Amino acid sequence: MKVNGKHYRSLWWNSEKNVLEIIDQRWLPHDFRTQTVGTMEEFADAIVEMRVRGAPLIGATAAYAMALAMKIDPSNAYLEKAWKYFNETRPTAVNLRWALNRCKDALLPLPEDQRADAALKLAHEIADEDVEINAQIGRHGLAIIQGIAINKKPGETINILTHCNAGWLATVDWGTATSPMYHAHNAGIPIHVWVDETRPRNQGALTSWELGSHGVPHTYIVDNAGGHLMQHGKVDLVIVGTDRTTRRGDVCNKIGTYLKALAAHANNVPFYVALPSPTIDWTIANGVADIPIEERSAQETTHVQGIMPDGSIGMVQVTPEGTPGGNPAFDVTPNHLVTGLITERGVTPATAEGLQAMFPEFANVKPAAKNKKTGS
Ligand SMILES: CSC[C@@H](O)[C@@H](O)C(=O)COP(=O)(O)O
C-alpha cells in the first residue's frame, strides 16, 4: 500500500545490508518510522512490543527471525531453541506457531550448511504468499460487497464497520478485513468505513491512517458506538480479522470483537471474518475453552499515547493514580455469531463442515493436548 505516494510492504528485505526492515508501528499514525531488525533480541522485542503486530505480520516476522537464527547457528539444538524463544513472544495469534512450525519442518531435514539460505528463501516465500492470500481474500470479499450494492440505490454508500487493525499494517500487504474494502473502493463502489478506535492500543487509528492514505472514506468512532449505529441502520456489514480461528469456526480477535458480533446478530447485520488459512488452528474446536488469551500490561489501559501540545508523541494517564487496570487483549466470538469466513479460497460458513470442505487437506489433523497458556 502507499505511504506518501510510495509503495510499501509492512516488512521488506534489505539485500544491501542483509537485514529485515520493518515499520515501527508504535509511532503510527503520528510518525512513519522504519527500523532494521538484526538480532534475535530485536526480533523478539519487535513482536512483544508490537512494533510489528497483527497475526499474519507476526507470522512473517517470525519466519525471518528463524532465518537469522539459522545464520547464527544452523544446528538442531539452536533451531529448537529459536523456535521456543520466538513462540513465547505472543500467545494468541496462531500464525506465529504456524510460521515457526513451517520453518522447522522445512529446515530439519536439510544439511546444516544449507539451512541459512533455505530459511531466508522460505521467509521470502511466506511473505509473498501472504500478499497473494490477502489479495484473494479481497476478491472474495468484494463479491459480498457487490451483493449488498445490488440492493442499494445506484451510487448509494455501503457502510462497513471494522474493529482493530486487520489492515495492510497487520499483514505483509492488503490486510485481511481491509482487503475487500480496498478492492471495493478500487472498483468504484462507494463505501464508507466505521473504524472502531479499539481501546486500549487504538489500532483503529492505524486503520484510519491506512484508509486515509488510500482515499477510502471513513469515520473514527469510539468502541461503544457500533451497537447504536447498527440499531439505526447505519451499518450494512461488519468485516473483522482474526488471530486464531478454530476448526469449527470460532474466531478470536482483538478485545471487543465479540460485543460487535452480538450487536450485529441482534440487529441482523451480516458479520464476516476475513482470514488467511494460516490463521486456522485445526487442533482445537472450542475457542472459548482452548484459545490462550494474551493479558498485556495494565498501563495500556490506564494511559493513552498521542500528540502532545508541543507536537511530540507522548503518553498521558487517563485514570486516577494507582487505579488497577485489566487488559485481556483478545476475545472469542462463537461461530454461530459469524455470517461467513472470507478465506483465500472463497467464503465459507463458520462451521466445521464448511471449513473442512474448503480445506480438505486438514480434515485429519488430530486434536492436540493443549497448553492453554502458550497454545502449543
Ligand atoms: C489481519 S490481522 C487480524 C488480527 O491480528 C487483528 O484484528 C488483531 O486483533 C491484531 O491484534 P494486535 O494486538 O494489534 O496484534
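Counting starts at 1 for both ligands and their atoms, following the listed order. Basis for what follows: all heavy atoms, side chains included, without hydrogens, waters or symmetry-related copies. Because the structure is a prediction, the values reported are computed rather than measured.
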Original post:
Looking at T171, which atoms of ligand 1 are within less than 4.0 Å of one of its heavy atoms?
Top reply: 1 (C)
Subject >> Pairwise distance CG(D250) to CD1(I291) - rounded to 0.5 angstrom >> reply: 7.0 Å
**OP:** Could you verify whether a donor N or O on one side chain and an acceptor N or O on the other, from Q25 and R51, lie under 3.5 Å apart?
**Re:** no
Original post:
Can any side-chain N or O of T343 pair as donor or acceptor with the backbone N or O of G346 at less than 3.5 Å?
Top reply: yes
Subject >> Any E294 heavy atom less than 4.0 Å from ligand 1 >> reply: no
Subject >> For K254, the ligand 1 atoms whose distance to one of its heavy atoms is below 4.0 Å >> reply: 9 (O), 11 (O), 12 (P), 13 (O)
Subject >> Spatial distance of atom OG1 (T92) from atom CZ (R97) [nearest 0.5 Å] >> reply: 11.5 Å
Subject >> Enumerated ligand 1 atoms positioned under 4.0 Å from heavy atoms of M50 >> reply: 12 (P), 13 (O), 14 (O)
**OP:** Using a strict 4.0 Å cut-off to heavy atoms of A170, name the atoms of ligand 1 that fall inside it.
**Re:** 1 (C), 2 (S)
Original post:
Does the distance from a Lys or Arg side-chain N to an Asp or Glu carboxylate O, for E80 and K104, drop under 4.0 Å?
Top reply: yes
Subject >> Distance filter under 4.0 Å to F330 heavy atoms, resulting ligand 1 atoms >> reply: 9 (O), 11 (O), 13 (O)
Original post:
Does N253, backbone or side chain, put an N or O under 3.5 Å from an N or O of ligand 1?
Top reply: yes
**OP:** Could you list which atoms of ligand 1 come closer than 4.0 Å to a heavy atom of D243?
**Re:** 4 (C), 5 (O), 6 (C), 8 (C), 9 (O), 10 (C)
**OP:** Check ligand 1 against Q203 and write out every atom of the ligand that is under 4.0 Å from a heavy-atom position of the residue.
**Re:** 12 (P), 13 (O), 14 (O)
Subject >> Short N-O contact, E132 and R139, less than 4.0 angstrom >> reply: yes
